[in-house]
Amino acid sequence: MAVQKDQVLHDALPAAIKDAGVVRVATDVPYPPFEMFAKEGESELTGLDYDLGQALGARLGVRFTFTPQKFDGIVPGIQAGKFDAAMSAITDNKERQKVVDFVDYSQSGSGILVTDGNPEKITSLDDLCGKKVAVQAATNQLDLLRNHQDSCTKAGSRKIDVQTFPKDSDAQLALRSGKVAAQVLTKPAAGWTAKTADAGKVFDLVEDPAAPGGYNASPNGIAVSKQLPGLSTAIQKALQSLIDDGTAGKIFAKYGVTSIAVKEATKNAAVD
């Protein structure tokens, strides 16, 4: 997918970015299908966020260089000036907006991943009450589980036994080894994992008809330093141009998540 540089957008970039020729991007790897290592044990990256970043860089005439960073260190890293932006399937919410600006590129909620055949017959969040459930620390999904505890109590069930893990891959390992009954993660990641892990033979995605896009569907955004307002504006315009010419759609389709793509590149469109 050859993406042409837009000189007008390039000229609108902050001077510091133009001079460097680089946008320093933080990302938490692995978090499929958004960010993955191309090969086990090697540093080369792939994934939806990475591909979209390369397309944005090409359109803006600068390089988007990705650096792996633990999720809970991403926003502090931007605040400290270590990174200019982050692309890591980050939920755009009002709390984070206090310290970074978002350019929103997808919309999705949380999904439930279970082992193949769904032995515990989990069909919704309510079925997680009283069960051990894995989730990554410092995420929207952890908040979702905590907020559901009252519903469990009101229904006369025991609370969800929430097990937090530093990385999503660690939570997945706990599910694979039977230490937990389910894992809650973003629906795109859950769908991708169910489809690709061991050729689709290990996990199943729970499809709740009451929440087709996932629970609490909200915008995911590219987080941009508030010290670089010109950068977020340029990224927003570049993203819109990639949506309009079909480039963004092809990237989402490549990773099997067409349904989460947005038609309009919004800024700070949090729904919380």
Side-chain angles (χ1 to χ4, degrees), residues 1 3-4 6 9 12 23 25-28 31-36 46-60 64 66 71 74-75 78 84-97 100-111 139-141 143-144 185-192 205 207-208 211-226 229-272:
M1 271 178 276
V3 175
Q4 299 304 313
D6 184 318
L9 291 180
V23 175
V25 183
T27 191
D28 180 24
Y31 194 69
F34 292 97
E35 23 274 329
M36 301 173 268
T46 184
L48 192 156
D49 282 338
Y50 182 79
D51 286 2
L52 190 60
Q54 301 318 298
L56 286 167
R59 181 60 38 97
L60 291 168
F64 273 48
F66 281 64
F71 194 80
I74 285 176
V75 171
I78 294 175
D84 305 309
M87 295 181 72
S88 201
I90 305 171
T91 301
D92 174 358
N93 64 30
K94 288 179 178 142
E95 188 62 33
R96 289 176 180 148
Q97 278 179 20
V100 292
D101 283 320
F102 284 99
V103 176
D104 303 304
Y105 64 99
S106 68
Q107 177 132 359
S108 61
S110 303
T139 58
N140 206 38
Q141 287 68 45
D143 294 340
L144 175 76
L185 62 168
T186 68
K187 192 161 186 194
W192 170 261
L205 174 67
E207 288 288 2
D208 183 346
Y215 303 103
N216 292 0
S218 58
N220 294 324
I222 300 163
V224 185
S225 169
K226 279 193 181 285
L231 179 59
S232 55
T233 302
I235 288 175
Q236 183 185 17
K237 288 178 177 169
L239 175 59
Q240 190 61 55
S241 74
L242 294 172
I243 292 169
D244 294 342
D245 72 8
T247 304
K250 285 178 187 161
I251 293 169
F252 280 87
K254 176 181 170 184
Y255 293 98
V257 290
T258 305
S259 63
I260 68 164
V262 296
K263 291 184 174 61
E264 188 188 348
T266 50
K267 211 165 165 184
N268 294 327
V271 294
D272 63 346

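Here the structure is a predicted model, which is why all the values come from computation and not from measurement.
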Can you tell me how far apart [atom1] ([X]) and [atom2] ([Y]) are? Round to the nearest 0.5 Å.
X	Y	atom1	atom2	answer
Leu52	Tyr255	CG	OH	10.5 Å
Ser232	Leu239	OG	CG	12.5 Å
Thr186	Asn140	OG1	CG	10.0 Å

Would you say [Y] and [X] are linked by a side-chain donor-acceptor pair, where the criterion is simply a distance under 3.5 Å?
X	Y	answer
Lys267	Thr233	yes
Thr27	Asp49	no
Tyr215	Ser108	no
Asp84	Ser225	no

Does [X] reach the side chain of [Y], with side-chain heavy atoms less than 4.5 Å apart?
X	Y	result
Trp192	Lys187	no
Asn220	Phe102	no
Val262	Asp104	no
Ile235	Phe64	yes
Ile251	Leu48	yes

Considering all heavy atoms, the nearest [X]-[Y] contact:
X	Y	value
Gly191	Leu205	CA-CD2, 4.0 Å
Val271	Ser218	CG2-CB, 3.5 Å
Pro33	Ala189	CD-CA, 3.6 Å
Lys226	Pro229	O-CD, 3.5 Å
Lys263	Gln240	O-NE2, 3.3 Å
Leu242	Asp245	O-OD1, 2.9 Å

Mark yes or no for whether Gln107, through its side chain, and Ile260, through its backbone, hold a donor-acceptor pair below 3.5 Å.
no
Test salt bridge (charged side-chain N to carboxylate O under 4.0 Å, His left out) applied to Glu264 - qualifying residues, sequence neighbours left out:
none
Taking ring-ring contact (aromatic ring centres under 6.0 Å, His included) as the test, write out the residues that go with Phe252, two or more places apart.
none
More than 12 foreign heavy atoms under 6.0 Å from NZ of Lys237: is that the case here?
no
Given the options Arg59, Gln236, Gln4, Ser241 meets side chain to side chain donor-acceptor pair (under 3.5 Å) only with Arg59
Can you give each donor-acceptor pair under 3.5 Å made by side-chain atoms of residues 86-93, sequence neighbours left out, with the distance rounded to 0.1 Å?
{"unit_1": "Ser88", "atom_1": "OG", "unit_2": "Asp28", "atom_2": "N", "d": "2.9"}
{"unit_1": "Asp92", "atom_1": "OD1", "unit_2": "Gln97", "atom_2": "NE2", "d": "2.7"}
{"unit_1": "Asp92", "atom_1": "OD2", "unit_2": "Ala269", "atom_2": "N", "d": "2.9"}
{"unit_1": "Asp92", "atom_1": "OD2", "unit_2": "Ala270", "atom_2": "N", "d": "3.4"}
{"unit_1": "Asn93", "atom_1": "OD1", "unit_2": "Glu95", "atom_2": "N", "d": "3.4"}
{"unit_1": "Asn93", "atom_1": "OD1", "unit_2": "Arg96", "atom_2": "N", "d": "2.8"}

